[in-house]
> 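One structure, pasted below without further comment.
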Amino acid sequence: MSQLFHPASNALSRFLIAGALCGIAVISTLAYAYFRSDYFTHRSLTQQQPIPFSHAHHVSGLGIECQYCHTTVEVSSYAGIPNTETCMSCHSQIWTNAAYLAPLRESLRTGNRLRWTRVNDLPDYVFFNHSIHIKKGIGCESCHGRVDKMPLMSKGHSLQMGWCLDCHRDPGKFIRPREEVYSMGYVPNPSQEVVGKKLVAAYDAKPKTDCYTCHR
Amino acid sequence: MPALRQLDPLERPPVIGEDVRYEDVNRRIAGIVTAPTSKGWLIGFGVAFLFVMLFMAAVTYLFARGIGIWGVNVPVAWGFAIVNFVWWIGIGHAGTLISAILLLLHQEWRTSINRFTEAMTLFAVACAGVFPILHLGRPWFFYWLFPYPSEMQIWPQFRSPLMWDVFAVSTYGTVSLLFWYVGLIPDFATMRDLAQTRGKRLLWGVFALGWRGSAHHWKQYQMAYLLLAGLATPLVVSVHSIVSLDFSVGIVPGWHSTIFPPYFVAGAIFSGFAMVVTLILPIRHFYHLEDFITIRHLDNMAKILLVTGLIVGYGYLMETFIAWYSGNIFERFMVLNRIFGPYWWVWAIVIFCNVMTPQIFWSKRMRVNLPVLFAASLAINVGMWVERYMIVVVSLHRDFMPGAWGMYSGTFWDWSTLLGTFGLFLALLFLFIRGIPMLSMAELRELVPSPRKERK
Amino acid sequence: MNDQRIWGLLAEFDSPEALIRAAKAANEQGYVHFDAFSPSPLEGLSEVVRLRRPWMPRIVLISGLSGGASGFLLQWWISAAAYPLDVGGRPLFSWPAFIPVTFELTILFAAFGSLIGMLMLNGLPAPYHPVFNVPQFRSATTDGFFLAIESRDEQFRLDETLRFLESLNPLEINRIAP
Amino acid sequence: MGNPVFVQIENSTGRQAPRYWRTLAEYRNKESLAEQSSAEFTHAIDDPSPMQVGRRTVLSYLAASAGLAGLSACTSLPEREIVPFVQQPEYLVPGKPRYYATAMQMGDRVVGLLAETHLGRPTKLEGNPSHPASLGATGIFAQAEILTLWDPDRAATVRRGRNTSTWAAFAIEAGHLRERMQRDQGRGFRLLTGAVRSPSMLATIGELLRQFPEARWHTFEAARREEPAAAGSPSSGNPPVPVYRIAAADAIVSLDADFLHGMPGSLAHAREFASRRRPSAEQPSMNRLYVAEPTPSVTGSCADHRLAARCDSIPAIAGVLREELGLPSQGPAASRGLGAEAREWVRKAAADLQRNRGRSLVIPGEFQPALVHQLANQMNAFLGNEGSTVVWADADTGGLSSEPGTLQSLVEDMEAGAVNTLLILDTNPAYSAPEAKRVAQAMEKVALRLHAGLYETETSRLCHWNLPMAHFLESWGDLRAFDGTCSIVQPTIRPLKGQKPALEILATVLGAPLMTDAEIVRNHWRREAASNRESEAAEFDLFWRRSLRDGVIRRGILFNSEVSAVGSRAPVENGPAVGRAVAPPIPSDSKIELVFRPDPTLYDGRYASNGWLQELPKPITSLTWGNAALISAGTAGRLGLESGDAVEIGLGGRSIEIPVWIVPGHAENSVVLHLGNGREKAGGGRVGVDVNPLRTWGAEWNVRGATIRKLGHQVPLAARQHHQNMENRDLIRSWTLDEALSKEKAASAALKPELLSLYPERPVRDGPQWGMSIDLSACIGCGACTIACQAENNISVVGAEEVRRGRIMHWIRLDTYFEGDPSAPGIYHQPVPCMQCENAPCEVVCPVGATAHSEEGLNQMVYNRCVGTRYCSNNCPYKVRRFNFFQYADYETGSLKGQRNPDVSVRSRGVMEKCTYCVQRIEAAKIRSKVNDQPIADGQIVTACQQVCPTEAIVFGNIADPGSKVSRAKSGSRNYTLLDELNTRPRTSYLACVRNPGNDLAELRESEGGTV
């Protein structure tokens, strides 16, 4: 018997070749999906925070305006994180000895700053400016998501470059009236296409996709 | 048999030894692979491997510290890495040229060296291929040079010759590999059927893909091989043309020149054949292949060296002439600076090795004088490397603004990377010689008188 | 014995010339499903052995064209549509710069086409094949010259075919087990 | 050999460029280019061994000069923190910079500054436009101070001997000291300071001397020649100080005075000088500058007539000039001794001075002896320049009766054992004084030695107490500028490591350890106010707040007599007294003279640990990281020396080893040596050669009779520019005034070739189009733009080894070229930033699109996309791109992170970088204008280089707006672009340099006839 291979090997060899080709396709598809997945971008991932602060409670529950805490959002690149005193302006009156607010009171007593973990973070080579986005009618919600539905803060969107470009290429899809900038769950009326076109013209919202717009 | 004799009516040395019999092909060529490992091979491979280790060390340190460990600077932002890249790619050209173009030209003398030179091509391309990645400031982002759907929605920039390089070199590597493998299939089958142990037979059998040598096989096979040759021919020309565009697309005096593509291709063949000669002479000697690689081959290769050498010389001449004729002060200064500037010695070496050396091949006695041939081929290899050094470094170090001029010299790490790739190249070559029939048996059989089996 | 139980007959000849003569003869006899095996391609065999029309050139042409087209379109889309960037004042669709890559991809795809075409048309890879059942066949890739006539040929009659083959005075004849 | 070919080239160039010689080596032996090249080859970088790659010696400098947060685009997201305030100052808006007016002193120079702070971190210093000594500009030192502030090598802890101590412990020590001094009236107590320009400091010292009558105060400035202060003034205690009005002068003669760069008020001088160097149809006139000096200075490089003269021949030249002007003097006519060219120069200068009586100016060099100053004053008086081009300001003595003593007298007293306590305030005689060793030995005799300073120095090593002093950006103070204007120095940050300001340290000695510097200064000015009309608190607060805001104390609010009383008291009367002195003899040129000058970038060595200044190419020579003995080509030829050759310079038994550097236009037989190098106790260790050992009292500034011995080996010097010849290329256009005016008349657009392109023209875009214009006629080559850019854009320092290998990172480099005869060359400067080409060659070759064009015409460089092929750099004809060959930016050193500009990425290893037209400032302005709905006004956006430039040579703006300054600058006929034949269409263009040699002798004679 001088046959070297089993008869099945013919079928097998061809199957293996086909399999290898399919494998490449599958792997690249998986990679594509992975780098856009919430798992990779940390979207809707909540971080360990010194105080379990609930935007849901403060925004939708108490209806506190965004700028009440994020004071510099209209004037500066940074929106601003409330300092201890801002928090205490209410919490010296209410929940004055809630256990989970202990770090806050501690901070006021000792003067040690609270150390929050960043949720919406951009790389150091990206220069984002809040004031201009507010000015041009881009709502908090458009980037940060339904903060009013977040018991614990998490990223509303991937914040990847491609995601930024979606809006910078066609702001009409996201722009809203300035008075609606801070509102959550804003519904365009009549429709975003119509409103968007009007507002883009009205606010002269011509975002650039030049590199220097964000990278310097 | 007579058919063969007619192939060259002139009295030239035959392309294969007179007394080579049909079965000698199997015995002597397959024999090299099946024979036990020789001490000489071990030593040779060991030495080559040491240099591979040096290469590894250099690359590790490079990735750890950054390309600052090389001599590159501003204005000379490209140095050894690009020089080596271009040089290796050039060497990679002889193989495909011999296999493809000479095949189309029915130069049957190619038959006994094409397998070997194709292998040389592959390994040279492999050595060249590492440099575009090594020379990056941030090599870990090399994949940004491939068009893939990134989440940044940003893409490569296809106006850059470097992008053309990426495609040219990878295509060249792939096609050469296919070409080489297709050529190997029948020989793998031979090895499968000659092999003694079942294990070996299985191994060879996998690569042979069940080749039976039927007339159908041969028909399709020859068709495919011919087509591949037809594809490889424009490819081999295009690849070094594109590599030359890396320079001629740039505006640097000494780069920005339309003569580059032809002149680079010629240079590539020039250095490629020089390398073939350099390698084939010792192998021919150690493995007693005088019957298969005859004086005829060497004679022909020497002639090609002469011709391509002349073309390259013409390139130098035209560059100089155009510089003067153009009236462009930058071009003129570039030429003068090459000849009389701080790097005058580079120019001198180039002229001596690439223009003067090949002239000795006008004489037949020199062409067939092995020591001379060997020495000359070595000189040309060096010369062609230095030529690339001249093009890259000497053009860059003094371009437009004297206030920004500078000097360049390779560092310890530059040299070890270069030597390292020598090691890589030779190591691969040794493995090839040991593991794969280095001449195409299937094709050689067509050149020897056909057998007549004794009836039992 | 029953001719259904064999794949065919394999005759070995002493020289290429003999093989070619045998093949011619088989052809004249009207055999269709026969094949000749030799360690290297033999002039004159190819026209004897009836082949399906050569698909290879078409396969290569098509794959080559598709490669070129996809390459060119990719570059156009990337440079002019996906993220248009002003690069050195060049037009977004600067087609001359796109030629090299287009060309390279044409060659690449065509080359793959020719390899895959060759394998497919030859039914390779086929590590298993009935002819390998004949131990002598091992020499077919070194110095043996064989003619095989398959039993599926409607002219195939074991005894006749056997007789016919002997008439070509081969070195020996073997049955090929299925 | 190649010679004939080469000659053909030189003749066959298309343009009428002046005939340039190549390197000096070639000039000497034109015969063989090969030799020339080999001479050049000596500058080649030889293979560095892997160990050298480590650059250990400079790592600590790198530390003082590198960066934060990388670009290594990390795929796994890092976790980072947000740390809000506990109580946020309401004025503080994160993400918006704040500016504070303050002022700095260096030696006698005082500059008003604006300090930019981010979240309370000072990150950048700019000039204060309303300060007379700044006018909005700053010099290199002010730019570098920000790095000094954050320098991790600064003194941080109180030390007693070797051991660390505390301020409390020092207060106790001071208490004991004070008790003793109260007993003995402070006998044997000596205070040694640098130049004091601070009124409140003077007052405090005055207070000290009043409390302890036996105590003495000495001052020592290493880079100041003592006598000239007194020159030409009545012998009484407080000499007036000359203030020059350069703008008013049509003819200026500088007797070895680097008044554009190296003098108090030089920023103002430069501004005024440049204002007269921009001829146009409207203003066709131009001033003319004569300079006589040993080695080309910044001022000399701008001269219309420059004379390379030995330092010790300047007095003679001054004498001859005075004679030539026709002032009476006894003694032999000095002119006979002078060389031909010198006499020629003097005659021309004299003629011009005569012609421009009242509109001319003679400026004596600050390192020239009193005699030269006296002669200059007489000439100015004689020419009627008093009150017009030179005025006299009162020197501030803070009401002190007596002049401070000198270091020399202090040393003598110490040697005599008359000193038991020595308090040194931030001066370093043990290194920088002549006969420093003697100073050190003398100090050993003092029982108690205290030192307060920014750094631990050679001097502090000899002291029992080391008190870390606060940086001026950390402390309150006040400073008096060259013209008498006072500014309040206000802190921008708390002392980083609890250092204390000098004022508080003195207060501690005075027994008020709790007194803060703020109180001291405020009280001082309250007293000042009290001594004047309005003294009510309200008035004072108004005055105080306004002074803080403006950075200048408005005269008139407080004072009846202006602080900078531009005094009418011209000290001419005593002129003749000096005039009777015999004109000085002409020195014989045969003997080699040594000339000592402060280092152009390190000054007296106080900046030795400042990486920015170490790496800033020195004007003219472009040397970095170390000094060389500057000599002339002729002298070098005689001694058989090449640049870089090590020599031994001997003088009276003392000697130093130092490499030489050949400088075209340098005086024969004269060797210029720079102080401030080779300090042992600075940053990463010794850089360069300390030349102090050659200096002695009485011969601090120049001395004759030195010997030079070739040692036969080369010292690798780190020069930025290796080739200072233009190779007949049209890089710097230099015209004479007549040429300029004629071209002005005949609109010489014909110069520009028609530029065609294969490609369709870009559609004209709306929105601003940025462009820059650099006026080579105004550029004096001071290098401030380079270092300002470094400060603004977080540019790394790379160290000597890397500079030597051609890896310097500066985004805007200063090319200096020589033209013509190497003994008297024309000298031209050209700042080269990124040209922002419209058809940028760099962009086309980038495989990943990391550099591309913006709609506003910027050539964008995206660091985080760059993979580092360096192809763009190769393809940049201007070679303005810089590459991070190593991880130059320092991510580790904490204190440096404070200095970074938060609006600019810190580049990581392996990426290309380059000038961006300060895009962070552009974008900030754009956003501001959009948010506030105001258009961007012309001149609202200034680049760092533009803002710092003392002569306003750099103009930036929107070229799409025809009315903008930059458009108007570009519209003139002097406008041209570099290498325009390449059709790169740069956005950065240059204005041709205009020189005003003017007068041929014929014209002179007849004008002389007129006047004499």
Side-chain angles (χ1 to χ4, degrees), chain B residues 61 65-78 135-139 141-142 144-145 154-157 159-163 166 246 249-252 255 327 329-330 332-333 336 339-344 396 398-414, chain D residues 2 5-6 9 12-13 33-34 37-38 40-41 43-50 53 721-723 725-729 731 805-807 813 815 817 830 832 841 844-849 865-871 873-875 877-879 881-887 909-911 979 982:
Chain B
Y61 189 60
R65 289 294 316 282
I67 60 162
I69 66 170
W70 291 345
V72 284
N73 56 33
V74 175
V76 188
W78 281 358
H135 105 293
L136 291 181
R138 301 201 290 173
F141 286 133
F142 75 97
W144 284 356
L145 275 79
I154 189 156
W155 299 86
Q157 204 276 101
R159 296 172 194 80
S160 166
L162 291 184
M163 282 308 296
V166 170
D246 288 349
V249 164
I251 62 174
V252 180
W255 285 15
I329 63 168
F330 303 114
R332 289 187 177 195
F333 181 86
L336 286 170
I339 304 175
F340 306 112
Y343 286 111
W344 60 271
L396 279 174
R398 288 180 166 184
D399 60 350
F400 292 97
M401 296 203 51
W405 287 356
M407 297 294 290
Y408 169 91
S409 64
T411 65
F412 169 84
W413 296 107
D414 281 308
Chain D
V5 194
F6 187 80
I9 283 297
S12 65
T13 54
L33 279 157
S37 58
S38 59
E40 196 139 336
F41 203 31
H43 293 307
I45 318 128
D46 38 339
D47 306 23
S49 81
V53 176
Q721 188 177 356
H722 302 281
H723 201 90
N725 166 281
M726 240 181 292
E727 302 293 347
N728 296 346
R729 297 171 183 192
L731 304 179
R805 291 205 225 143
R807 295 171 180 179
R813 70 167 190 268
D815 284 349
Y817 294 107
Q830 182 171 48
V832 187
V844 185
V845 297
C846 177
V848 291
R865 176 64 177 174
C866 178
V867 295
T869 66
R870 309 185 299 295
Y871 199 171
S873 169
N874 289 343
N875 217 35
Y878 312 96
K879 288 288 174 287
R881 290 175 157 268
R882 301 287 174 259
F883 189 70
N884 291 269
F885 289 92
F886 286 114
Q887 181 55 58
R909 180 238 282 195
V911 304
L979 306 173
L982 295 177

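A, B, ... follow the sequence lines: proteins, then strands. Residue 1 opens every chain. Treat the numbers as computed from the prediction; the structure is a model and nothing was measured.
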> Mind running side chain to side chain contact (heavy atoms under 4.5 Å, CB included) on Arg398(B) and His723(D) for me, showing each step along the way?
CA-CA 10 Å; Arg398(B) 288 180 166 184; His723(D) 201 90; 4.0 Å; yes

> Shortest non-hydrogen contact from Glu727(D) to Phe333(B)?
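Closest approach of Glu727(D) to Phe333(B), heavy atoms only: OE1-CE1, 3.7 Å.
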
> Most heavy-atom pairs under 4.5 angstrom with chain D, which of Pro402(B), Pro139(B), Ala404(B)?
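Among Pro402(B), Pro139(B), Ala404(B), the one with the most close pairs to chain D is Pro402(B).
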
> Please flag which part of Val72(B) lies under 4.5 Å from any non-hydrogen atom of chain D: side chain, backbone, both or neither.
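When you check distances to chain D, atoms from both the backbone and side chain of Val72(B) fall under 4.5 Å.
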
> Is Trp255(B) close to chain D through its backbone or its side chain, or both, or neither, when contacts mean heavy atoms under 4.5 Å?
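Trp255(B) touches chain D through side-chain heavy atoms alone.
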
> Measuring heavy-atom distances to chain D, does Leu136(B) have an atom under 4.5 Å in its side chain, in its backbone, in both, or in neither?
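The answer is both parts of Leu136(B).
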
> On a heavy-atom basis, which atom in Asn874(D) and which in Ala77(B) lie closest, and how many Å separate them?
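Closest approach of Asn874(D) to Ala77(B): OD1-CB, 3.2 Å.
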
> Heavy-atom distance under 4.5 Å to chain B: side chain of Tyr878(D), backbone, both or neither?
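Both parts, backbone and side chain.
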
> When you measure from the side chain of Arg805(D) to the backbone N and O of Asn73(B), does any donor-acceptor pair fall under 3.5 Å?
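It does not hold such a pair.
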
> In Å, rounded to the nearest 0.5 Å, how long is the span from CZ of Phe400(B) to CZ of Arg729(D)?
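Going from CZ on Phe400(B) over to CZ on Arg729(D), the span is 8.0 Å.
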
> Is there a donor-acceptor pair closer than 3.5 Å between any side-chain N or O of Arg870(D) and the backbone N or O of Trp78(B)?
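No.
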
> Which bit of Arg881(D) is near chain B, if near means a heavy-atom gap under 4.5 Å: side chain, backbone, both or neither?
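The backbone, not the side chain.
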
> Side chains of Ile69(B) and Phe885(D): closer than 4.5 Å at any heavy-atom pair?
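Ile69(B) vs Phe885(D): side chains apart.
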
> If every non-hydrogen atom of Arg865(D) is compared with every non-hydrogen atom of Pro156(B), which pair is closest and at what distance?
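The answer is NH2-N, 4.1 Å.
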
> Has the side chain of Gln157(B) got a donor or acceptor atom that lies under 3.5 Å from a matching backbone atom of Val844(D)?
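Present.
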
> Look at Val832(D), Leu731(D), Val845(D) and state which one has the largest set of heavy-atom pairs under 4.5 Å with chain B.
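Highest number of pairs under 4.5 Å: Val845(D).
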
> Do Tyr871(D) and Pro161(B) have side-chain heavy atoms sitting under 4.5 Å apart?
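Touching, per the 4.5 Å side-chain cut-off.
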
> In a check of side-chain contact (heavy atoms from CB on, under 4.5 Å) between Arg138(B) and each of Val911(D), Thr869(D), Asn884(D), which one passes?
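For Arg138(B), the side-chain contact (heavy atoms from CB on, under 4.5 Å) check succeeds only for Val911(D).
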
> Given that the side chain runs from C-beta out, which part of Ser873(D) has a heavy atom under 4.5 Å from chain B: side chain, backbone, both or neither?
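Just its side chain gets close to chain B.
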
> Hey, does Leu145(B) have a side-chain heavy atom less than 4.5 Å from the side chain of Val867(D)?
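A side-chain contact exists here, since the closest heavy-atom pair is under 4.5 Å.
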
> Can you find a heavy atom in the side chain of Val848(D) that is under 4.5 Å from one in the side chain of Phe141(B)?
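Not in contact.
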
> Under 4.5 Å from any heavy atom of chain B, what part of Pro841(D) do you find: side chain, backbone, both or neither?
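Contact with chain B: side chain only.
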
> Judged by atom type as modelled, is there a donor-acceptor pair below 3.5 Å linking the side chain of Arg807(D) to the main-chain atoms of Gly68(B)?
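Between the backbone of Gly68(B) and the side chain of Arg807(D) there is a qualifying donor-acceptor contact (under 3.5 Å).
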
> What's the verdict on side chain to side chain contact (heavy atoms under 4.5 Å, CB included) for Ile251(B) and Leu982(D), showing C-alpha distance, side-chain angles and the deciding distance?
CA-CA 8 Å; Ile251(B) 62 174; Leu982(D) 295 177; 4.3 Å; yes

> Using side-chain heavy atoms (C-beta onward) and a distance below 4.5 Å, is Met401(B) in contact with Leu979(D)?
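Contact flag for Met401(B)/Leu979(D) side chains = yes.
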
